[in-house]
Amino acid sequence: MQPIVLYNLSSLTRPNEQWSFNPYKTHYTLVLKNLPFTTKWLEFHEVSEVIPNITKTDARPSVPVIIDSNNTVVQDSWKIAKYLETTYPDSPSIFNGAESLHYFFYQYYETNIKRYIFSLSVLDVKEMCGHYDNPKGFTRTLEGVLGVSLDTFAKKKEDNIKILQEKLTIIRNTLSSYTFLTGDKIGWADLTLVGGLHMVEFFDKKAIDTYVFTGEDDVLRKYYYRVKDELNVLEKGLEVKA
């Protein structure tokens, strides 16, 4: 089979490195499902120029987007996950028979956790993606969504960290009894959480140890590196082209 094409988000300072949490989910969905793929990297300001010509829809330009070997185009990490699970039922499952459970966690993460994790890295992302003078650049685009400047959004770090730790309590409780969020196998819910944490670590290893993990014995910390180690092993055995 021809490799699936994945459109991913690059940066000005560290091009062609996996950092953004949404493409992260799709990248490792493909890895978990053992589906060969190749990556096309876009800088943030290129997304609005390139993606509409691929999707040919009115949807807001964003990544990830995939083009399957049959030329099917799918945008959005959750829609891509569902598409791949349906289209390739003989490859390893990312839902493990519990799609609704993974969707529930995805909604919990989006509503309760993502904003606070993102606040730890938003100024680093601004530095990497830049292009403030470009009306379609990262800073102006995100400030339009948030309704405040990125500097203002990032200033409430201590409050954000406190809220984040409160939201992570239920996750730590789960991981005290289970290897992964949805049982004994890595699934899409794990990619959702680990993708966000990976972005924090990507920019500042000290930040994830200081603001997210509570120490060497933190069950969340052990889980995070357990997932990443397993994903790295799987990826080494797969045809992945940057």
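Below, all heavy atoms of this structure are taken into account, side chains as well, without hydrogens, waters or symmetry copies.
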Please test Y103 against E99 for side chain to side chain donor-acceptor pair (under 3.5 Å), starting from the C-alpha separation and ending with a verdict.
CA-CA 6 Å; Y103 186 68; E99 179 182 315; over 6 Å; no
Parallel, tilted or perpendicular: which describes the rings of W188 and Y106, with under 30° parallel and over 60° perpendicular?
perpendicular
Taking the cut-offs as 6.0 angstrom to the six-membered ring centre and 45 degrees off its axis, would you call R14 and F202 a cation-pi pair?
yes
If you apply the rule side chain to side chain donor-acceptor pair (under 3.5 Å), what do you find for S20 with N22, and how did you get there?
CA-CA 6 Å; S20 181; N22 282 323; 5.7 Å; no
Indicate, with yes or no, if I161 and Y224 share a hydrophobic cluster defined by side-chain heavy-atom contacts under 4.5 Å among Ile, Leu, Val, Met, Phe, Trp and Tyr.
yes
Are L234 and F95 linked, directly or through intermediate hydrophobic residues, by side-chain heavy-atom contacts shorter than 4.5 Å (ILVMFWY only)?
yes
Could you tell me whether the side chain of S177 and the main chain of T174 form a donor-acceptor pair under 3.5 Å?
no
Does D218 reach the main-chain N or O of G215 with its side chain, forming a donor-acceptor pair under 3.5 Å?
no
Listed by chain and number, what are the salt bridge (Lys or Arg N to Asp or Glu O under 4.0 Å) partners of E201, not counting sequence neighbours?
K228
Worked check of side chain to side chain donor-acceptor pair (under 3.5 Å) between Q75 and Y7
CA-CA 10 Å; Q75 180 182 15; Y7 284 83; over 6 Å; no
Angle between ring planes, F37 versus H27, binned at 30° and 60°: parallel, tilted or perpendicular?
perpendicular
Are N70 and Q2 side-chain neighbours, meaning at least one heavy-atom pair lies under 4.5 Å?
no
Applying side-chain contact (heavy atoms from CB on, under 4.5 Å), run through V233 and D229 and close with a yes or a no.
CA-CA 6 Å; V233 170; D229 287 346; 5.8 Å; no
Distance-only, no hydrogens or angles: does the Q165 side chain make a donor-acceptor pair with backbone N or O of V212 under 3.5 Å?
yes
Kindly say whether T179 contributes a backbone atom to a donor-acceptor pair with the side chain of R226 at under 3.5 angstrom?
yes
With a 3.5 Å distance limit and no angle check, can you tell me whether D190 reaches the backbone of L181 through a side-chain donor-acceptor pair?
yes
Might you work through the side-chain contact (heavy atoms from CB on, under 4.5 Å) test for K25 and W78, ending with a clear yes or no?
CA-CA 9 Å; K25 288 180 284 187; W78 173 251; over 6 Å; no
